[in-house]
Amino acid sequence: GQSLEQPSEVTAVEGAIVQINCTYQTSGFYGLSWYQQHDGGAPTFLSYNALDGLEETGRFSSFLSRSDSYGYLLLQELQMKDSASYFCAVSSGGYQKVTFGTGTKLQVIP
Amino acid sequence: DAGVTQSPTHLIKTRGQQVTLRCSPKSGHDTVSWYQQALGQGPQFIFQYYEEEERQRGNFPDRFSGHQFPNYSSELNVNALLLGDSALYLCASSLGRVLAKNIQYFGAGTRLSVL
């Protein structure tokens with residue numbers, strides 16, 4: 001089966017940089033995704049890594065190391081609106097089944 | 001361009017009842033996946049529909065069933081409801097091409113409470 005581990009909670013200061021790590025165990029790995037979910041809202045897609053390296057999208061960057069089964073999400077210039085839960089998710093298997101981690105609750109403080 | 005829409009937004013049922021949840025995918029998407037999200041947890045994969053067939057399934061009992069219509073919309077049915085079925089049910093749409101960048105677009109969900 002698949003398993004993912006990520007920290008349950010992270011607190012960071014507005015304007016700072018925060019990194020959320022994710023380690024995974026899976027067979028038939030295709031890629032690692034990151035989703036943001038505000039309280040009471042739907043998960044929204046942030047990034048996807050299929051190959052090793054860094055992907056940058058504005059203030060958000062995501063990194064993947066396939067050999068280490070490890071990835072992270074980097075959020076720069078933190079804003080109060082970034083307070084949310086962040087989920088890593090692996091796509092695996094023939095039809096890219098998506099398995100989500102338990103989520104990291106990020107609190108941005110002034 | 002309408003995103004993923006789900007109905008109803010909230011639902012209250014009693015144990016033993018049956019429920020049907022509905023989902024319309026994002027325009028141009030042909031694949032619908034259903035997830036169950038308990039409070040404080042990540043979404044758990046229930047099953048995925050593509051070309052009106054269940055293409056893959058997570059670890060959920062047969063009480064959970066679904067359907068996809070020719071217009072790609074989908075229903076999730078849950079029979080013999082248990083208290084533990086209380087959760088947020090999320091529908092996500094995507095493109096079914098296996099090699100496509102697997103981006104899931106989620107609806108706002110249906111909050112099911114079983115009393």
Side-chain angles (χ1 to χ4, degrees), chain A residues 1-9 20 22-24 26-51 55 57 60 62 64 71 73 84-107, chain B residues 2-7 9-10 21 23-26 29-51 53-60 68 87-111:
Chain A
Q2 293 86 16
S3 68
L4 298 96
E5 286 192 18
Q6 51 182 129
S8 58
E9 293 181 355
I20 299 174
C22 174
T23 57
Y24 59 88
T26 188
S27 56
F29 176 85
Y30 269 98
L32 184 72
S33 304
W34 289 90
Y35 288 81
Q36 178 193 62
Q37 186 178 31
H38 287 98
D39 285 346
T44 56
F45 172 82
L46 293 176
S47 69
Y48 177 83
N49 294 69
L51 303 175
E55 292 278 344
T57 308
F60 297 85
S62 58
L64 174 65
L73 178 69
S85 291
Y86 292 84
F87 296 92
C88 59
V90 292
S91 298
S92 60
Y95 294 119
Q96 295 199 43
K97 174 185 170 182
V98 179
T99 302
F100 283 80
T102 53
T104 298
K105 191 170 181 66
L106 170 65
Q107 182 182 15
Chain B
V4 180
T5 58
Q6 292 186 243
S7 63
T9 55
H10 295 84
L21 311 181
C23 172
S24 291
K26 180 178 169 65
H29 284 184
D30 56 7
T31 302
V32 172
S33 301
W34 286 93
Y35 296 84
Q36 180 194 67
Q37 186 176 27
L39 204 60
Q41 300 296 316
Q44 297 294 308
F45 178 75
I46 302 175
F47 42 54
Q48 181 184 83
Y49 277 84
Y50 173 70
E51 292 189 344
E53 296 287 332
E54 183 183 290
R55 187 158 75 169
Q56 52 186 331
R57 189 179 182 93
N59 296 324
F60 279 80
Q68 186 179 34
L88 179 67
Y89 288 85
L90 294 163
C91 166
S93 74
S94 58
L95 290 171
R97 297 189 301 274
V98 173
L99 297 181
K101 186 175 176 179
N102 193 358
I103 301 174
Q104 308 258 306
Y105 291 84
F106 284 84
T110 295
R111 174 72 63 186

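What you see below is based on every heavy atom in this structure, not just the backbone, and it leaves out hydrogens, waters and symmetry mates. Letters go in sequence order (proteins before strands), and every chain restarts at 1. Here the structure is a predicted model, which is why all the values come from computation and not from measurement.
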*So, do A/Val98 and B/Ser33 sit near enough that their side-chain heavy atoms are less than 4.5 Å apart?*
no
*Least distance between heavy atoms, A/Lys97 atom then B/Phe45 atom*: CE-CD2, 3.6 Å
*asked:* Taking side chain to side chain contact (heavy atoms under 4.5 Å, CB included) as the definition, give me every residue that meets it alongside A/Ala42, ordered by chain and number, with sequence neighbours left out.
replied: B/Phe106
_With a 4.5 angstrom heavy-atom cut-off, is it the side chain or the backbone of B/Gln37 that approaches chain A, or both, or neither?_
side chain
_Segment of A/Thr102 engaging chain B (4.5 angstrom heavy-atom cut-off)_ = both
*Below 4.5 Å from any heavy atom of chain A, which atoms of B/Gln41 appear? Answer side chain, backbone, both or neither.*
both
*Taking the side chain as every heavy atom from C-beta outward, state whether B/Pro43 and A/Tyr35 have any pair of such atoms under 4.5 Å apart.*
no
*Heavy-atom distance under 4.5 Å to chain A: side chain of B/Tyr105, backbone, both or neither?*
neither
*For B/Glu54, salt bridge (Lys or Arg N to Asp or Glu O under 4.0 Å) partners two or more places apart*: B/Arg57
*Of the backbone (N, CA, C, O) and the side chain (C-beta and beyond), which part of B/Gln56 lies under 4.5 Å from a heavy atom of chain A, both, or neither?*
side chain
